[in-house]
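So the structure is just underneath, and the comments pick up after that.
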Amino acid sequence: MEFSAQQIAALLGGTVEGNPEAMVNNLAKIEEGVPGTITFLANPKYTPYIYTTHASIVVVRTDFVATHPVESTLIRVDDPYTSFTKLLEMYDSMKARKRGISSRAAIDPTATVGPDAYIGDFAFIGEQVKIGKNVQIYPQVYIGDRVTIGDDCILFPGVKIYRDCVIGNECTLHGGVVIGADGFGFAPQTDQDFRKVPQVGNVVLEDRVEVGSNTTIDRATMGSTIIRRGVKLDNLIQVAHNVEIGENTVIAAQTGISGSTKIGKNCMFGGQVGIVGHIRIGDHVMIGAQSGVEGQVKDHTMIAGSPAIDASKARRNFIHWRNFDDIVKRINKIELLLRNKNQNQDHE
Amino acid sequence: MEFSAQQIAALLGGTVEGNPEAMVNNLAKIEEGVPGTITFLANPKYTPYIYTTHASIVVVRTDFVATHPVESTLIRVDDPYTSFTKLLEMYDSMKARKRGISSRAAIDPTATVGPDAYIGDFAFIGEQVKIGKNVQIYPQVYIGDRVTIGDDCILFPGVKIYRDCVIGNECTLHGGVVIGADGFGFAPQTDQDFRKVPQVGNVVLEDRVEVGSNTTIDRATMGSTIIRRGVKLDNLIQVAHNVEIGENTVIAAQTGISGSTKIGKNCMFGGQVGIVGHIRIGDHVMIGAQSGVEGQVKDHTMIAGSPAIDASKARRNFIHWRNFDDIVKRINKIELLLRNKNQNQDHE
Amino acid sequence: MEFSAQQIAALLGGTVEGNPEAMVNNLAKIEEGVPGTITFLANPKYTPYIYTTHASIVVVRTDFVATHPVESTLIRVDDPYTSFTKLLEMYDSMKARKRGISSRAAIDPTATVGPDAYIGDFAFIGEQVKIGKNVQIYPQVYIGDRVTIGDDCILFPGVKIYRDCVIGNECTLHGGVVIGADGFGFAPQTDQDFRKVPQVGNVVLEDRVEVGSNTTIDRATMGSTIIRRGVKLDNLIQVAHNVEIGENTVIAAQTGISGSTKIGKNCMFGGQVGIVGHIRIGDHVMIGAQSGVEGQVKDHTMIAGSPAIDASKARRNFIHWRNFDDIVKRINKIELLLRNKNQNQDHE
């Protein structure tokens with residue numbers, strides 16, 4: 001997949017300055033450009049790099065004026081950032097797409113698969129599974145009985161979806177994701193042993209959900225664990241049974257959400273956040289990394305810390321934490337001063 | 001799998017009030033009941049929902065008296081909670097069971113498999129593996145050489161058990177669990193490089209252990225990493241080499257236990273707890289979520305915080321953390337007061 | 001694999017004292033020795049155990065003098081620790097090695113595999129993959145198109161390597177590791193929805209890297225996420241896109257590193273550390289478990305806490321945290337004292 005400056009300029013509606021036969025097969029940041037790559041200059045802050053980059057092609061603004069010699073071939077366009085994003089998406093779409101249904105996959109005869117599917121080797125597709133159109137199921141994926149998968153989904157290698165779960169359209173699940181394992185429910189018995197509470201619900205992912213590698217989303221005890229439209233989950237996240245995550249909420253890696261907690265829409269959570277069970281978190285909530293959330297959170301609030309409090313207050317407290325030793329020394333000093341005064345008064 | 005109110009009433013020894021032909025195929029919480037589901041009313045707190053639920057059937061106490069019209073068919077029993085739990089377990093057992101040994105599995109001829117097994121497609125079973133009776137091994141499970149698995153175990157898709165590990169009876173391992181990977185042991189060399197310390201021990205799970213999705217339990221350097229009878233581990237937990245976890249201890253998601261630490265029985269740990277290596281944690285210990293445990297913990301103690309301290313003390317400290325800024329302001333005020341006094345005294 | 005005391009003594013150049021036909025098939029710590037195991041005594045602290053161990057053979061120093069009866073057969077050598085390490089490595093190497101390419105693996109005809117490979121059942125190897133010599137690829141491993149793997153690597157069951165990634169020589173990847181999944185990049189759109197930023201870079205592991213079970217390393221947006229020579233990563237670690245980790249850095253379980261952060265060489269990080277994105281951490285940096293790192297860190301520093309500060313300062317602050325309630329009580333007392341004084345002065 002090599003392209004010449006001329007081909008790319010034609011594609012972008014731009015003009016070539018330099019060698020129209022300059023060939024590229026990859027994209028790069030301008031500061032990391034090497035021969036064979038194409039990069040772009042949009043933010044003036046990065047202008048110095050255009051004189052040092054070894055990228056074969058740089059996409060620049062129509063009115064860019066070089067003040068030093070430039071090694072790279074230039075393609076001039078109206079909006080370099082948008083043009084480059086277009087290339088990025090094209091490049092990505094060209095590489096990723098696989099087609100065809102492997103004879104080495106195990107597909108139950110009662111399953112239905114829409115047109116234009118890719119089903120890779122050693123994938124398992126259970127009874128009465130329904131798969132939409134244009135779906136990519138990579139090797140070694142497991143899809144349990146009666147699972148429904150919408151259109152245009154990508155399931156990367158080793159994704160596991162337990163029985164009866166529902167995946168919407170345009171969802172992307174990365175390697176090792178486990179959807180629909182039993183929620184963590186055990187009833188204590190009198191002999192200190194525990195009895196498993198059957199988990200007979202399922203997991204529902206609405207449309208446009210992306211789930212990062214090795215993230216786990218447990219099935220509901222009854223009803224559904226629900227991940228709403230547009231939610232983006234990073235890697236190694238734990239979503240417990242009966243949790244609900246609202247539309248377009250974005251959660252960073254290694255965060256854990258305990259059972260039955262309901263999270264609003266348009267939230268952003270940092271990494272390694274822990275959230276207790278059975279609470280309600282509002283819409284447009286922002287939570288700082290490593291926070292520990294132990295109670296209700298209102299709409300449009302920012303919180304941080306463990307336990308989590310208002311973020312601006314937490315920021316001040318973090319400074320106090322840094323100065324904790326000095327704070328204690330100040331108290332020591334006050335006590336000493338008061339003790340001395342007392343002694344002085346006693347002496348008076 | 002549809003059942004009528006009449007069939008269920010017969011099963012539970014209850015009496016139908018309403019339509020005996022009302023059909024259900026799923027269970028629900030009373031506040032989430034939809035047509036086709038059965039629910040129950042045990043806790044009086046939930047009584048209002050019986051007038052609004054759309055569940056087709058509600059299991060109620062024999063003496064329940066409706067004060068408003070009820071849309072659902074009722075089944076009257078002595079103890080609705082116990083009756084419903086019975087339905088939950090029946091429903092669960094009906095769905096989960098698979099049978100037969102797939103011709104697409106790779107089973108070494110020296111392995112032995114007990115009666116009534118399910119071994120799914122693309123499962124791998126190594127040399128001299130011994131598998132008990134009534135075991136369910138889902139697709140894409142890996143069982144290394146000389147592993148022993150007891151009776152009535154369920155290994156969900158993508159479980160990986162490295163060689164020489166031992167799994168007891170009635171164990172459930174969820175998708176993506178890794179049992180027996182090498183412990184994290186490296187000996188520093190003079191050139192700053194590290195030399196791997198061979199990890200020749202194994203992992204032993206006793207009976208009735210449940211392990212959540214993508215949890216990892218490393219093999220011992222020598223000897224065994226031991227998970228005692230009845231232990232329940234949630235998802236994404238890390239158990240390092242030579243750890244031992246005592247009977248019926250329950251650990252929530254994303255907790256990590258460092259090497260050679262010994263944990264007692266009947267403990268309960270919250271999520272995202274971190275525990276250092278080479279310590280002893282007693283029996284009946286409770287640890288709050290996100291705690292950091294760095295030393296011995298006695299029997300019957302509750303701890304919280306990072307570093308973890310006595311839980312009641314930690315709870316007070318969490319309040320101080322929330323008020324930290326006010327606390328510092330109080331110190332500022334005291335200092336100001338004392339400074340002014342001093343100045344006044346100087347002026348006197 | 002059983003060996004007699006005589007065979008082992010010959011191997012180690014030692015002398016047998018006791019039964020030369022004593023047979024062992026496993027290694028043990030001296031305090032855990034059972035019949036059929038061999039152990040060693042190097043550290044005098046452990047001498048009492050030689051009189052109580054049930055190990056069949058103990059490797060001891062040439063000049064060891066028993067003061068009580070010893071049940072075990074002894075093998076006398078110059079340096080018991082080194083001799084035992086030799087046995088450990090031999091034992092390990094004997095067990096681990098598999099050979100041959102399974103007919104149940106799916107290997108693209110355009111892939112090349114070096115000599116002495118093991119490729120297990122249900123492994124998938126994509127187009128134009130290049131695999132070096134003496135590589136062990138366990139069952140159910142996924143290797144995407146154009147991946148390159150060096151010599152002497154071990155990929156345990158269920159490892160997933162996405163397309164275009166590069167693995168060096170002598171790398172070990174444990175079960176469930178995901179290398180090269182998409183970085184977590186989404187551009188907010190005006191309608192609150194997010195648009196995926198294509199992740200067209202890759203992951204590069206240099207030589208002698210070990211990666212623990214279920215750890216995830218995301219591919220770069222552009223360019224490479226780079227793990228340098230000799231890095232050791234424990235289980236369940238998250239490495240985000242465009243991160244770089246320097247030579248021989250060792251990171252404990254469940255740590256998370258956010259996007260574009262660059263980490264120096266010879267660092268050691270504890271477990272459950274969280275590191276923000278776009279920062280630079282120097283060489284020889286040590287970070288305590290559960291730390292939260294939010295800014296640059298200089299070479300040769302030790303930090304701890306969340307937010308992380310100088311470790312010796314953090315240790316003092318951890319003590320203050322433990323005493324927080326007492327500290328607040330001291331402030332209460334001071335305020336009371338001052339209030340009383342004021343009142344006294346008012347009364348004077």
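Just so you know, these numbers come straight off a predicted model, no measurement behind them. Note: hydrogens, waters and symmetry copies are ignored here, and every other heavy atom, side chains too, is used. Below, chain A is the first sequence line, B the second, and so on; all start at residue 1.
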Subject >> Contact origin within A:Phe186 toward chain B - heavy atom pairs under 4.5 Å >> reply: side chain
Subject >> Donor-acceptor side-chain pairing of B:Tyr91 and B:Asn26 below 3.5 angstrom >> reply: yes
Original post:
Given a strict heavy-atom distance threshold of 4.5 Å, which part of B:Ala289 is in contact with chain A: side chain, backbone, both, or neither?
Top reply: neither
Original post:
Using a cut-off of under 4.5 Å for heavy-atom pairs, which of A:Ser306, A:Gly180, A:Pro307, A:Gly183 has the most such pairs with chain B?
Top reply: A:Pro307
Original post:
Highest number of heavy-atom pairs under 4.5 Å with chain A: which of B:Thr85, B:Leu27, B:Asp121, B:Leu236?
Top reply: B:Leu236
Subject >> B:Lys232 bridged to B:Glu210 by N-O distance under 4.0 Å >> reply: no
Original post:
So which of A:Gln140, A:Gln192, A:Lys313 has the largest heavy-atom pair count under 4.5 angstrom toward chain B?
Top reply: A:Gln192
Original post:
At a heavy-atom separation under 4.5 Å, does B:Asn317 approach chain A through its side chain, its backbone, both, or neither?
Top reply: neither
**OP:** Measure the acute angle between the ring planes of A:Tyr142 and A:Tyr162, then classify it against the limits of 30° and 60° as parallel, tilted or perpendicular.
**Re:** perpendicular
Original post:
Hey, is A:Glu294 close enough to B:Arg322 for a salt bridge, meaning N to O under 4.0 Å?
Top reply: yes
Original post:
What part of B:Asp234 lies closer than 4.5 angstrom to a heavy atom of chain A: side chain, backbone, both or neither?
Top reply: both
**OP:** Run the numbers on A:Ile227 and A:Val204 for side chain to side chain contact (heavy atoms under 4.5 Å, CB included), then give the verdict.
**Re:** CA-CA 6 Å; A:Ile227 313 295; A:Val204 175; over 6 Å; no
**OP:** Kindly determine whether B:Asn235 and A:Gln238 satisfy side chain to side chain donor-acceptor pair (under 3.5 Å), including the steps that lead there.
**Re:** CA-CA 7 Å; B:Asn235 300 345; A:Gln238 152 71 351; 2.8 Å; yes
Original post:
With a 4.5 angstrom heavy-atom cut-off, which part of A:Asp164 approaches chain B: side chain, backbone, both or neither?
Top reply: side chain
Original post:
Of all of A:Asp193, A:Ile309, A:Val276, A:Val177, which one pairs up most often with chain B through heavy atoms under 4.5 Å apart?
Top reply: A:Asp193
**OP:** Side chain from CB out, backbone as N, CA, C, O: work out which of these in A:Thr255 comes under 4.5 Å of a heavy atom of chain B, or both, or neither.
**Re:** backbone
Original post:
Among A:Asn323, A:Asn242, A:Val197, which has the most heavy-atom pairs under 4.5 Å with chain B?
Top reply: A:Asn242
**OP:** Please state whether the side chain, the backbone, both or neither of B:Ile251 comes within less than 4.5 Å of a heavy atom of chain A.
**Re:** backbone
Subject >> Validation row: B:Cys171, B:Asn169 side chains within 4.5 angstrom (heavy atoms) >> reply: no
Original post:
Quick one: what part of B:Glu247 sits under 4.5 Å from any heavy atom of chain A, side chain, backbone, both or neither?
Top reply: neither
Original post:
So what's closer than 4.5 Å to chain A heavy atoms on B:Leu233: side chain, backbone, both or neither?
Top reply: backbone
Original post:
Taking every heavy-atom pair that is under 4.5 Å apart, which of B:Trp321, B:Phe156, B:Phe318 has the most such pairs with chain A?
Top reply: B:Trp321
Original post:
Between A:Gln272, A:Lys333, A:Gln199, which shows the greatest number of heavy-atom pairs under 4.5 Å with chain B?
Top reply: A:Gln272
Original post:
Run the ring pair (Phe, Tyr, Trp, His ring centres under 6.0 Å) check on B:Tyr138 and B:Tyr118 step by step: do they pass?
Top reply: CA-CA 7 Å; B:Tyr138 274 74; B:Tyr118 163 55; 5.4 Å; yes
Original post:
Do you know which of B:Ile331, B:Val34, B:Asn214, B:Ile334 has the most heavy-atom pairs with chain A at a distance under 4.5 angstrom?
Top reply: B:Asn214
**OP:** Just give me the residue among A:Ala240, A:Ser291, A:Gly126, A:Ala187 that pairs up with chain B most often, heavy atom to heavy atom, under 4.5 Å.
**Re:** A:Ser291
Original post:
Using non-hydrogen atoms only, which part of B:Glu89 is less than 4.5 Å away from chain A: side chain, backbone, both, or neither?
Top reply: both
Original post:
Measuring from B:Ile154:CD1 to B:Thr172:OG1, what's the distance to the nearest 0.5 Å?
Top reply: 4.5 Å
Original post:
In Å, rounded to the nearest 0.5 Å, how long is the span from CD1 of A:Ile217 to CD1 of A:Ile179?
Top reply: 3.5 Å
**OP:** Considering only NZ, NE, NH1 and NH2 on the basic side and carboxylate oxygens on the acidic side, decide whether A:Asp326 and A:Arg330 come within less than 4.0 Å.
**Re:** no
Original post:
With respect to chain A, which residue among B:Glu32, B:Arg229, B:Arg104 yields the maximal number of heavy-atom pairs within a distance under 4.5 Å?
Top reply: B:Arg104
Original post:
Tell me, side chain or backbone of A:Val141 under 4.5 Å from chain B's heavy atoms, or both, or neither?
Top reply: backbone
Subject >> Which atom of A:Val178 lies closest to which atom of B:Gly175, heavy atoms considered >> reply: CG2-O, 3.5 Å
Subject >> Which atoms of A:Val239 approach chain B - backbone, side chain, both or neither, heavy atom under 4.5 Å >> reply: neither
Original post:
Where does A:Ala308 contact chain B at under 4.5 Å (heavy atoms): side chain, backbone, both or neither?
Top reply: backbone
**OP:** Take the angle between the ring planes of B:Phe324 and A:His320 and call it parallel below 30°, perpendicular above 60°, tilted in between.
**Re:** tilted
Original post:
Is the side chain of A:Asp145 donor-acceptor paired with the backbone N or O of A:Glu127 at a distance under 3.5 Å, no angle test?
Top reply: yes
